[in-house]
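Heads up: numbering here begins at 1 and tracks the sequence. Only heavy atoms go into these numbers, but all of them, side chains included; no hydrogens, no water, no symmetry mates. Since we're looking at a predicted model, the values are computed, not measured.
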Amino acid sequence: VLDPQYGMHAWPCAVVLAQYLWVHRRSLPGKRVLEIGAGVSLPGVLAAKCGAEVILSDSEELPQCLRNCRRSCLMNDLPHVPVIGLTWGRVSPELLSLAPVDVILGSDVFFDPEDFEDILMTVYFLLEKNPRAQFWTTYQVRSADWSIEALLCKWKLKNIHVPLHSFSADKEHLAGSPLPGRHTIEMMIISLARSDGT
């Protein structure tokens, strides 16, 4: 999973997040959406197809992933969707100059515990700039010892667990894809915590 080519594949979490977007497709037209760690960009491409104004991003240190994002856009007749390099944990000119966003997407970005704080720092920065925005993320449970709860508190973020059955994603096959399979996948929505911690 930690092979440098991980961003070149569609992973089970991307299919589950795409299912969530599809179920909520009527709310997407006109929404400004940023996908982080986009890789092959399934959720972001679907959001764009459903009428959202999408920006795709992946690490500026992984040009092959950025090329893959562009290829996904071209293959789906979305040549005007911007693709930018954003590295988690780094406040770059690209991050600083981002247009406002309503929704941040991230499928399976929480796969390496060494990256968890960098991801949440980046998400916190984006939510501070866009206080009403939310981070919609799916992740595969790979270890019972991995948790982001303490980091959510540290970065003044809160999360809501979204049950997969609530958007018909609790199946082994979704939209003709066998990718979800028997993996344990979870979804949560992360937003800024209020000053009272809620």
Side-chain angles (χ1 to χ4, degrees), residues 11-39 41-58 86 88-89 95 98-113 115-142 146-171 174-175 180 183-198:
W11 295 98
C13 290
V15 178
V16 173
L17 186 54
Q19 173 73 9
Y20 186 80
L21 291 162
W22 181 249
V23 167
H24 293 89
R25 63 190 175 276
R26 288 181 186 83
S27 71
L28 291 174
K31 284 265 195 308
R32 298 160 304 184
V33 174
L34 168 70
E35 185 175 4
I36 63 170
S41 316
L42 175 61
V45 164
L46 179 63
K49 288 290 209 178
C50 291
E53 299 171 26
V54 173
I55 298 172
L56 300 174
S57 72
D58 212 314
L86 288 182
W88 303 325
L95 184 64
L98 264 178
V101 296
D102 300 304
V103 176
I104 305 157
L105 301 175
S107 70
D108 214 6
V109 294
F110 293 108
F111 58 83
D112 183 350
D115 292 329
F116 289 4
E117 184 155 23
D118 286 343
I119 294 163
L120 290 176
M121 192 234 46
T122 300
V123 168
Y124 175 79
F125 179 87
L126 290 165
L127 293 176
E128 273 282 296
K129 282 180 64 176
N130 306 277
R132 295 180 184 206
Q134 295 179 326
F135 177 38
W136 299 355
T137 185
T138 50
Y139 62 96
Q140 184 175 331
V141 178
R142 294 186 172 92
W146 295 0
S147 174
I148 63 167
E149 292 301 320
L151 291 171
L152 289 171
C153 280
K154 176 180 177 179
W155 287 100
K156 299 179 178 64
L157 299 169
K158 64 179 179 178
N159 72 312
I160 298 169
H161 179 261
V162 181
L164 298 191
H165 68 82
S166 70
F167 58 102
S168 301
D170 55 342
K171 302 169 180 63
L174 289 179
H183 299 95
T184 303
I185 297 171
E186 301 286 343
M187 178 168 177
M188 62 184 157
I189 294 176
I190 294 175
S191 56
L192 288 177
R194 296 196 308 247
S195 56
D196 62 2
T198 61

Measure across [X] and [Y] and return the closest heavy-atom pair with its distance rounded to 0.1 Å.
X      : Y      : value
Trp136 : Val103 : CD2-CG1, 3.6 Å
Thr122 : Trp88  : OG1-CA, 3.4 Å
Pro43  : Leu21  : O-CD1, 3.3 Å
Gln140 : Pro12  : OE1-CG, 4.4 Å
Phe167 : Val23  : O-CG2, 3.7 Å
Phe116 : Phe111 : CE1-N, 3.9 Å

Would you say [X] and [Y] make side-chain contact, with heavy atoms under 4.5 Å?
X      : Y      : result
Tyr124 : Leu192 : yes
Met188 : Phe110 : yes
Leu127 : Phe125 : no
Glu149 : Asn159 : yes
Leu98  : Leu86  : yes

CA sep, side-chain torsions, deciding dist, call: Val109, Asp115, side chain to side chain contact (heavy atoms under 4.5 Å, CB included): CA-CA 8 Å; Val109 294; Asp115 292 329; over 6 Å; no
Other residues, nucleotides, ligands: >12 heavy atoms within 6.0 Å of Lys129 NZ: yes
Main-chain N/O of Gly39 paired with Asp58 side-chain donor or acceptor, under 3.5 Å: yes
Donor-acceptor contact present, side-chain Thr137 to main-chain Gly106, <3.5 Å: yes
Calculate, to the nearest 0.5 Å, the distance between atoms [atom1] and [atom2] belonging to [X] and [Y] respectively.
X      : Y      : atom1 : atom2 : answer
Lys158 : Ile190 : NZ    : CD1   : 12.0 Å
Leu126 : Leu95  : CG    : CG    : 5.5 Å
Ile185 : Gln19  : CD1   : CD    : 11.5 Å
Arg26  : Cys50  : CZ    : SG    : 10.0 Å
Leu152 : Ser147 : CG    : OG    : 7.5 Å
Tyr20  : Thr138 : OH    : OG1   : 11.5 Å

Which pairs would a plain distance check flag for residues 27-38, meaning a side-chain donor or acceptor within less than 3.5 Å of a matching protein atom at least two apart in sequence or in another chain?
residue : atom : partner : partner atom : Å
Ser27   : OG   : His24   : O            : 2.7
Lys31   : NZ   : Ser27   : O            : 3.4
Arg32   : NE   : Asp102  : OD2          : 3.2
Arg32   : NH2  : Asp102  : OD1          : 3.0
Glu35   : OE1  : Gly44   : N            : 2.8

